[in-house]
Every structure is written in C-alpha cells, then in structure tokens.
Amino acid sequence: MRFHCLPGLVSTSSLRLFRDSGVVHTYSTPSSNNLRFSTMSTITTVDLSPFTTTSTDKDARIKSAHALVETCHSHGFVKIKGHGVSKQEIDEAFIWTKKLFDLPTSEKMKAPHPASNMPHRGYSGLGQEKVYSKDDVSTQSADTGKVGEQLRKISDFKESYEIGSEQDDQQQNIWLPDDVLLDFRSYMTSLYERLADVSNVILQAIGVGLDLDEKAYKSLMELQSKRHCQLRLLHYPPITKQKLETESFTRLPAHTDWGSFTLLFQDAHGGLELLDPKSGDFLQAVPEEGALVLNIGDMLQRFTNDYFISALHRVTVPSLKDLPEDSEIPARYSIPFFVGPAPSHLVATLPQFVSGGSPARYEPVKFGEYGALVSKYQYQQSE
Ligand SMILES: O=C(O)CCC(=O)C(=O)O
Ligand SMILES: [Fe+2]
C-alpha cells in the first residue's frame, strides 16, 4: 500500500519506491523501443465503445465496465480505446499544441504562469514547474528543510500550458492575446469541454463496473466537477546525447496525480511509464494510435480505500548506453486531462470499501486543501 498519508507521513515501502526511481537520466528503458511508434503494449487495453456508441447491448456495457474496473483494481492504470474521441480530433489537438510551443518564448510569455502554484494556469517555460512525489518532499525536508531548492537541483526538461474551465469560480484562465495565436482560446475551450464530457462517461462506466447502488453512484459522480478539471499541454524538447551526458535533468519524475483520475493522450515517441503495483516494475505505455491512457489519482484511491491504487508514473529518456554518438532524443508532446471534484468537496471513503479485513485508511479530505498541500513546491516561490 502506498501514500496513505499526506506529505511528511510516508510509509517505508513508498520511500523505497521513489528511491528506486530517483536515478534520473539513467532510467533504463529496453532498447530504443520507446522512440518508435509501436502497437506492442504491456498495459491492458479496454474497449469502451459500448458506452460511447449508440449500442443498446446491456451485456456488452457491463462486460466492458467490469474489464475497466478490474484493470484499474489490478494496476491503477489502463489503456482505453473506443473512448469516443476520433483520430482526427486527437490529431487536431496535437497540431494546436505544437503550434503553441513552436512560438518564440517571448510570445508564449504573454500568458505567463504566475510565480506561485495558484492559479495553476498559463505558460510555464523550461524548468519552471517542478513535479515531485510526496515521498520526495518528505525525504528532502528531513535532509535540509530547503525543499524547493533541493527539488530543483534536477530540473524538469519540459514546458507546459495549463487550462481550466471558463466557468471555474476559483482559478481564471490565463490566455495568450488573440493576435499571438488566433483561435487558440476557442479551440482549447472546446477541447476542455469535450474531454470533460468524455471523462464523465468513463466515470459512469466505473460506476457500472463497481456495481454501485444509487447513493454510492451519486457520490462517485461527485468526484468529477466539470468546472474544476484541468487540461494540460506538454512539450518535452529534444535532448542531445551530449547534454544527457553532461547535465542532470529529467523529463518528468515519478509522481502520482492528486485528482480522481487522469486521461492522457501522447504522441508516437513514448517515454511514459507506470508502476505496476503487482510486479513492482514500471511498464511502458507504448503509444497506440487512437488509445488514451487512464491513470487513477489519489482521490479515487481514498474513495475506494485502496481498491484502486493511485498510479506512480514518470516520463523517461532512454539510457545513455542505448544512444548512438551525436544522436538526439526527439521532442515529445502529450496532453493530460485531470479529472477532479470541486475544491470544496469533501472526499470520503465509500462505506462499502471498509470492512473488518479492510479497515478505513483515510480521513475525509477537502480536495482543494489536499491539492494545495501536495502541490506546494511545484513553483519556486511557493516556499
Ligand atoms: O507527459 C506524460 O506522458 C505524463 C504527464 C503527467 O504525468 C502529468 O502531467 O502529470
Ligand atoms: Fe501525472
């Protein structure tokens, strides 16, 4: 079991997990598989088309929902096809993402993410945001007390742009002026709405798969507030072998997401790996055309009293020995969509997941307070 507690109260087994994954640019990934498009997959794929087409086949829906829940229970993550987002829509989202990151930095900085972690909106340049695991904070603070500084000794080699709902009452979007990238705002607003709808259907499927009664189903559905999700555009620039040899950085260190669950679209270059709690190995999320990766977040873990485990995941680069001299790791783009409840929502474990053999492990927690605590050091000036 991992992460039963907020930062600062960490179990020994979870510390071990982070230390195992903490060697940053020497993560070993088998051969150069993760640089090529491949249909090979080590992660179970579930087809949700019975939920996203006009099919009225009840048995097919139940089968698909059970497969979804069973896979999330066993691994904490799953690949999904038949989710309803077409290849054309996915391609378009990546075209916009690339258009954004292709802009000169001075233009992107016209929508700057603030120096602190709230609002978590707008553009963050290379190394500005630092992702970390809860265990890392605990280890660092025990060492020095200078958490933010320590975390930044190895920076994340990525740039990102965060977008929320236009109806979010807590955090306002930070948009580029229209003359910098015409129609970016309207396109991203519609993509946000589209992914909020898709994730709502996925949550419904989870409810069906868990065989919840009406009251429990209602509580589950509250783990998504359509006004409080987050769309994130990510660009990991190319890295030369020489740079890898001489500098310390990572693409994205191992961490869990603190919402209910995350949907992730990635390009063909790979690098995303998720920890399989059964084997203790990181599995590569080999890119598969049209498929998305769902990973469980901390809120669903707490809601289900560990029936679903929040997946530890990271984005790696190939190990140096696999790279020819003078080579370059190509750029990577990804688009996560984080699903979560309203910040004021109190997330409590569903009674049906608590029994004599499985006692309650979590205190109820307000989502907004939890998020503020675990994201405290993401931006340098938060300390
Ligand atoms: O880029 C990826 O594949 C993963 C992104 C991610 O895990 C995150 O932004 O939390
Ligand atoms: Fe993540």
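If you're wondering where the values come from, they're calculated on a predicted model, not measured in any experiment. When a ligand or atom number is given, it counts from 1 through the structure's own listing order.
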Centroid-centroid under 6.0 Å between His235 and Tyr333 rings: yes

Around the Fe ion (ligand 2), number of protein N/O/S atoms which are nearer than 2.8 Å: 3

Lys/Arg-Asp/Glu bridge criterion (N-O < 4.0 Å) met for Lys226, Glu193: no

At less than 3.5 Å, what protein N or O atoms come close to the N or O atoms of ligand 1? Include the distances to 0.1 Å.
{"from": "ligand 1", "atom 1": "1 (O)", "to": "Tyr236", "atom 2": "OH", "distance (Å)": "2.6"}
{"from": "ligand 1", "atom 1": "1 (O)", "to": "Arg332", "atom 2": "NH1", "distance (Å)": "2.9"}
{"from": "ligand 1", "atom 1": "1 (O)", "to": "Ser334", "atom 2": "OG", "distance (Å)": "2.6"}
{"from": "ligand 1", "atom 1": "3 (O)", "to": "Arg332", "atom 2": "NH1", "distance (Å)": "3.0"}
{"from": "ligand 1", "atom 1": "3 (O)", "to": "Arg332", "atom 2": "NH2", "distance (Å)": "3.0"}
{"from": "ligand 1", "atom 1": "7 (O)", "to": "His255", "atom 2": "NE2", "distance (Å)": "3.2"}
{"from": "ligand 1", "atom 1": "7 (O)", "to": "His313", "atom 2": "NE2", "distance (Å)": "3.0"}
{"from": "ligand 1", "atom 1": "9 (O)", "to": "Arg232", "atom 2": "NE", "distance (Å)": "2.9"}
{"from": "ligand 1", "atom 1": "10 (O)", "to": "His255", "atom 2": "NE2", "distance (Å)": "3.1"}
{"from": "ligand 1", "atom 1": "10 (O)", "to": "Asp257", "atom 2": "OD1", "distance (Å)": "3.3"}

Any donor-acceptor N or O pair under 3.5 Å, side chains Gln204, Asn200: yes

Interatomic spacing from CG in Leu195 to CD1 in Ile163 - rounded to 0.5 Å: 10.5 Å

Worked check of side chain to side chain contact (heavy atoms under 4.5 Å, CB included) between Gln284 and Leu272: CA-CA 6 Å; Gln284 288 180 52; Leu272 173 65; over 6 Å; no

Those residues that, when tested against Arg61, pass salt bridge (Lys or Arg N to Asp or Glu O under 4.0 Å) (two or more places apart): none

Donor-acceptor pair between Ser124 and Tyr379 side chains, under 3.5 angstrom: yes

Partner set under side chain to side chain donor-acceptor pair (under 3.5 Å) for Lys110, not counting sequence neighbours: Glu107

Ser310 to Gly297 - nearest heavy-atom pair and separation: OG-C, 3.2 Å

